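These notes concern the structure reproduced below.
In this text the structure is predicted, and so the values were computed from the model without any measurement. Below, read A as the first sequence line, B as the second, and so on, with proteins coming before strands; counting in each chain starts at 1.
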Amino acid sequence: KQEVTQIPAALSVPEGENLVLNCSFTDSAIYNLQWFRQDPGKGLTSLLLIQSSQREQTSGRLNASLDKSSGRSTLYIAASQPGDSATYLCAVRMETSYDKVIFGPGTSLSVIP
Amino acid sequence: DGGITQSPKYLFRKEGQNVTLSCEQNLNHDAMYWYRQDPGQGLRLIYYSQIVNDFQKGDIAEGYSVSREKKESFPLTVTSAQKNPTAFYLCASSRLGDRGTYGYTFGSGTRLTVV
């Protein structure tokens with residue numbers, strides 16, 4: 001059974017710091033991994049999607065990497081800003097189940113001005 | 001702009017009532033999904049549909065029902081059989097085909113509260 005974990009559960013950093021969020025999964029048979037951002041009381045906004053054949057994706061200050069064989073992905077945020085404060089979730093799309101996507105529990109990020 | 005629209009944003013249900021949450025997408029996506037989000041429990045799949053007039057139960061389907069009469073619409077009914085319906089409900093959609101390429105697009109959610 002696929003399990004997705006995210007460490008840390010919560011993170012507080014001063015503005016301007018570079019930071020890394022971690023996502024781990026137990027079953028490497030995935031089609032892709034997607035990183036989302038969720039603001040309080042809002043829906044999920046897609047940040048980056050990495051296909052299983054890819055190693056990383058970049059968008060602006062965000063860089064996501066994928067090591068499928070070790071079951072790990074990282075989301076790197078450069079020069080953090082208070083507006084980056086949100087919960088970040090990763091999700092894996094499974095090969096083995098009928099269109100199944102498994103979400104991690106999220107990392108709550110707070111960037112202090 | 002294309003996207004997913006969920007309505008209403010807030011919904012209050014009395015004990016014993018059925019309520020219906022709306023989800024409409026204009027992205028021409030084949031698949032649509034309903035998730036429930038509770039504090040500390042993450043997202044759990046309620047139902048999903050990959051084609052009109054067909055849908056599948058997810059992990060927590062008991063007490064819920066859905067329909068998919070149009071490609072664009074996937075309403076969720078929370079029935080009186082759902083004993084703990086207070087939660088944040090999220091609708092999502094996705095293209096199919098090459099699943100490696102496509103991810104999920106989410107709506108803005110509906111917060112349901114039992115009064």
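Contacts between B:Ala92 and chain A at a heavy-atom distance below 4.5 Å are absent for every atom of the residue. For a residue to count as touching a neighbouring chain, one of its non-hydrogen atoms must lie under 4.5 Å from one of that chain's; by this rule A:Gln38 touches chain B with the side chain only. Contacts of A:Leu89 with chain B are made by side-chain atoms alone, with heavy-atom separations under 4.5 Å and no backbone atom involved. For B:Ser94, the part sitting under 4.5 Å from any heavy atom of chain A is the side chain, from C-beta outward, and nothing else. A:Ser52 does not touch chain B: none of its heavy atoms, backbone or side chain, sits under 4.5 Å away. Within the 4.5 angstrom heavy-atom criterion, atoms from both the backbone and the side chain of B:Tyr104 approach chain A. The contact between B:Gln37 and chain A is made entirely by side chain atoms (from C-beta outward), counting heavy-atom distances below 4.5 Å.
B:Tyr64 and B:Val114 fall into different hydrophobic clusters, defined by Ile, Leu, Val, Met, Phe, Trp and Tyr side-chain heavy atoms under 4.5 Å apart, directly or through other members. Follow the hydrophobic side-chain contacts under 4.5 Å out from A:Trp35 and you reach A:Val92 in the same cluster. Cluster annotation: B:Met32 is not connected to B:Phe106 through the hydrophobic network of ILVMFWY side chains, with a link wherever side-chain heavy atoms come within less than 4.5 Å. In terms of hydrophobic clustering, with Ile, Leu, Val, Met, Phe, Trp and Tyr side chains grouped at heavy-atom distances under 4.5 Å, B:Tyr33 and B:Phe88 are assigned to a common cluster. Linking Ile, Leu, Val, Met, Phe, Trp and Tyr whenever their side-chain heavy atoms come within less than 4.5 Å leaves B:Val52 and B:Val66 in two separate clusters.
In terms of heavy atoms, B:Lys9 sits closest to A:Lys42 at NZ-NZ, 4.0 Å.
B:Leu43 contributes atom CG, which lies 9.0 Å from atom CZ of A:Phe36 (distance to the nearest 0.5 angstrom).
Heavy-atom contacts from other residues, nucleotides or ligands closer than 6.0 Å to CZ of A:Arg61 number more than 12. Annotation: A:Arg72, atom CZ; neighbour count of heavy atoms from other residues, nucleotides and ligands within 6.0 Å does not exceed 12.
Annotation: side-chain hydrogen bond (donor to acceptor under 3.5 Å, both in side chains) contacts involving residues 75-85 of chain B, sequence neighbours excluded, comprise B:Thr20-B:Thr77.
Contact annotation for residues 106-113 of chain A against chain B (heavy-atom separation below 4.5 Å): no residues qualify.
Side-chain contact between A:Leu44 and B:Tyr35 is absent, with no heavy atoms from C-beta onward closer than 4.5 Å.
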Please report the C-alpha distance between B:Tyr102 and A:Tyr31 in whole Å, then the side-chain angles of each, then the deciding distance to 0.1 Å, and finally whether the ring-ring contact (aromatic ring centres under 6.0 Å, His included) criterion is met.
CA-CA 9 Å; B:Tyr102 304 122; A:Tyr31 283 118; over 10 Å; no
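Remark: B:Asp59 pairs with A:Lys100 by the salt bridge (charged side-chain N to carboxylate O under 4.0 Å, His left out) rule, at least two apart or across chains. Residues satisfying the ring pair (Phe, Tyr, Trp, His ring centres under 6.0 Å) criterion with A:Phe25, sequence neighbours excluded, are absent altogether.
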